[in-house]
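What follows is a set of notes on a single structure, which appears directly below.
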Amino acid sequence: MTVTTSGTLPNEVYDVAVIGAGVVGAAIARELARYPLRIALVEASDDVGDGTSKANTAILHTGFDAVPGSLESRLVREGQRRLAEYAARTGIPVEPLGALLVAWDEEQLAALPGLVEKAERNEYRATRILDAAELYAREPRLGPGALGALEVPGESVICPWTTTLAYATQAVRAGADLHLNCRVEDVSDVPGDASPHELTTGRGVLRTHTLINAAGLYADEIDRLLGHADFTVTPRRGQLMVFDKFARDLVRHILLPVPTALGKGVLVAPTVYGNVMLGPTAEDLDDKTATGSTAEGLDFLREKGGRIMPELLDEEVTAVYAGLRAATEEDDYRIRSHPGQRYITVGGIRSTGLTASMAIAAHVVELLAGFGRDLGAARELEPVRMPNIGEASPRPYARAELIAADPEYGRIVCHCERVSRGEIRDALASTVPPRSPEGLRRRTRARGGRCQGFYCGAAVRALLAAETPEAPEAPGAIGASGTPGPSGTPGASGTPGASTRPGPSGGGEPSQGPEVGP
């Protein structure tokens, strides 16, 4: 197993190379690793899941409101089942809270029966319409004036960081090569079977027989390098606010608005880390790196939040962040097979990409098998068990038997999130170790709490420096990449003055959350 972060690339021809190590690219590499193939997973950043995959609302969807009959509808439905089972086996934090789509006026209330019908067409039949009395009995802190809601009991919140990392860990342990800090700058267009594709990267040339493009925000640019102009990615920014853990008791469900033509709108939702998030905005941009928060966006969120749950605005804001969703001209995924070029585009992966990731991967492998090449016999991958960083499971600092066996789990470094030296040590020694404080935060939650690293930052950086050689600055163009930065939940960077502490930023690969979100 190989993870590289610098130096020249191997002088060999891979069977398959995947561009983009976000949640979908990592899932594809994991699925391909079940076969006797030489696999390369190529990522522009210095970590997996460092783009939009980290900057999202982290909802495991049922697919109840997808476009019926679409590829997205099928893959979200199948992916939700696959990922829920995988998370249980692997230790990925998931909390099945259920969702309530709250109707605030007569028009929204009248839309609820149509959403029930749409859910049934998507083979989800567990929805139920609640009147105002039952709604307020379920969510007593909801703002005044709601007329009713649609209950979707199957919706859950999940940890997107651990999901992407688990996929990549299994792929690498099964023999795939993960090349980080490896921005793809050009791709040869080689029709037929005579010559391999040549990927020109910041670290040299990588050759591969078959190419899979899972580059998220940059998938259209990779597509054009191979002569296709089937779609254009428009980055849609979603800004969110993260509230302190003291706000967690205010909300019991994922609170969604009734969708409009622009998307699902602003939600209030708990996170698996014990926070509450508010957002996102929906801003179509031209800049695929514009992951900063804005005063206007945060004012908009406060206005919406004040109606949904007024008491929430009295709580401390831990962080703000923004992510970019890869919006395209169509309300569906843009997955295309080009057998003559030995090339598959996995583009236009909407905000449901996290939920659908395992089903997308299986679908891509089916398309690859259609190229006429025998992939060989599939095998079961060696199981992995990831550190569970969710609040609903016992954390190492609270496990006396673990501390008795190894006192490092009782030595707290990050007091806001109660992260121990033992957890940091384990992360630094893992199959896909972090290369930055932000990567370490996504694996342990260190520096992700109320103080955002003000007190523990120096200690965390010292532990990281002691185990990690100086990493080169990650390039950030074509490929799944983003701008790293600290935060308390999935996400991205803030604008100074926009919150009590600036928080993280993302961009690049597909994300999970409301249609208007990152």
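A heavy-atom distance below 4.5 Å is not found between the side chains of Val102 and Pro257. Using a 4.5 Å cut-off on side-chain heavy atoms (C-beta onward), Ile412 and Val419 make no contact. Under the 4.5 Å side-chain criterion, counting only non-hydrogen atoms from C-beta, Arg302 is not in contact with Phe300. Counting heavy atoms from C-beta on, the side chains of Thr271 and Val276 never come closer than 4.5 Å. No side-chain heavy atom of Asn213 sits less than 4.5 Å from a side-chain heavy atom of Val346. Side-chain contact between Val268 and Leu312: present, with at least one pair of heavy atoms (C-beta onward) separated by less than 4.5 Å.
Ionic pairing of Glu139 and Arg252 is not present here: no N-O contact between side-chain nitrogen and carboxylate oxygen is shorter than 4.0 angstrom. Look at Arg443 and Glu438 and you find no salt bridge, because none of the NZ, NE, NH1 or NH2 atoms lies under 4.0 Å from a carboxylate O. The existence of a salt bridge linking Asp47 and Lys54 is excluded, since no basic side-chain nitrogen approaches an acidic carboxylate oxygen closer than 4.0 Å. For Arg236 and Asp284, the salt-bridge test passes: some basic side-chain N is under 4.0 Å from an acidic carboxylate O. Taking 4.0 Å as the cut-off between side-chain N and carboxylate O, Arg325 and Glu283 do not count as a salt-bridged pair. A salt bridge is absent between Glu417 and Arg450: the closest approach of a Lys/Arg side-chain nitrogen to an acidic carboxylate oxygen does not fall below 4.0 angstrom. Taking the charged nitrogens against the carboxylate oxygens, Arg203 and Glu185 have no contact shorter than 4.0 Å, which rules out a salt bridge. Arg334 and Asp220 are not joined by a salt bridge, as no carboxylate oxygen comes within less than 4.0 angstrom of a charged side-chain nitrogen. With respect to Arg350 and Glu72, a salt bridge is recorded, a charged nitrogen being found less than 4.0 Å from a carboxylate O.
Under the 6.0 Å distance and 45° angle rule, Arg441 counts as a cation-pi partner of Trp161.
Between the side chains of Thr289 and Asp287, at least one donor N or O sits under 3.5 Å from an acceptor N or O. One side chain, His179 or Thr4, offers a donor N or O that lies under 3.5 Å from an acceptor on the other. Residues Arg173 and Thr431 bring a donor and an acceptor atom of their side chains to less than 3.5 Å of each other.
Residue pairs meeting the salt bridge (charged side-chain N to carboxylate O under 4.0 Å, His left out) criterion with at least one partner in residues 422-431, sequence neighbours excluded, are Asp406-Arg425. Residue pairs meeting the side chain to side chain donor-acceptor pair (under 3.5 Å) criterion with at least one member in residues 84-97, sequence neighbours excluded: Tyr86-Gln170.
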Item to complete: Determine, stepwise, if the pair Thr62 / Glu155 fulfils side-chain hydrogen bond (donor to acceptor under 3.5 Å, both in side chains).
Response: CA-CA 6 Å; Thr62 59; Glu155 302 275 300; 2.7 Å; yes
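With sequence neighbours excluded, the residues that form a side-chain contact (heavy atoms from CB on, under 4.5 Å) with Ser393 are Asn388. For Glu303, the side chain to side chain donor-acceptor pair (under 3.5 Å) test picks out no residue, with sequence neighbours left out. With sequence neighbours excluded, the residues that form a side chain to side chain donor-acceptor pair (under 3.5 Å) with Arg399 are Glu401. Partners of Asp314 by side chain to side chain donor-acceptor pair (under 3.5 Å), not counting sequence neighbours: none found.
Partner of Leu240 under the side-chain contact (heavy atoms from CB on, under 4.5 Å) criterion, out of Val266, Thr57, Leu298, Thr281: Thr57 alone.
Residue Leu278 holds its CG atom at 7.0 Å from CG of Leu313, rounded to the nearest 0.5 Å.
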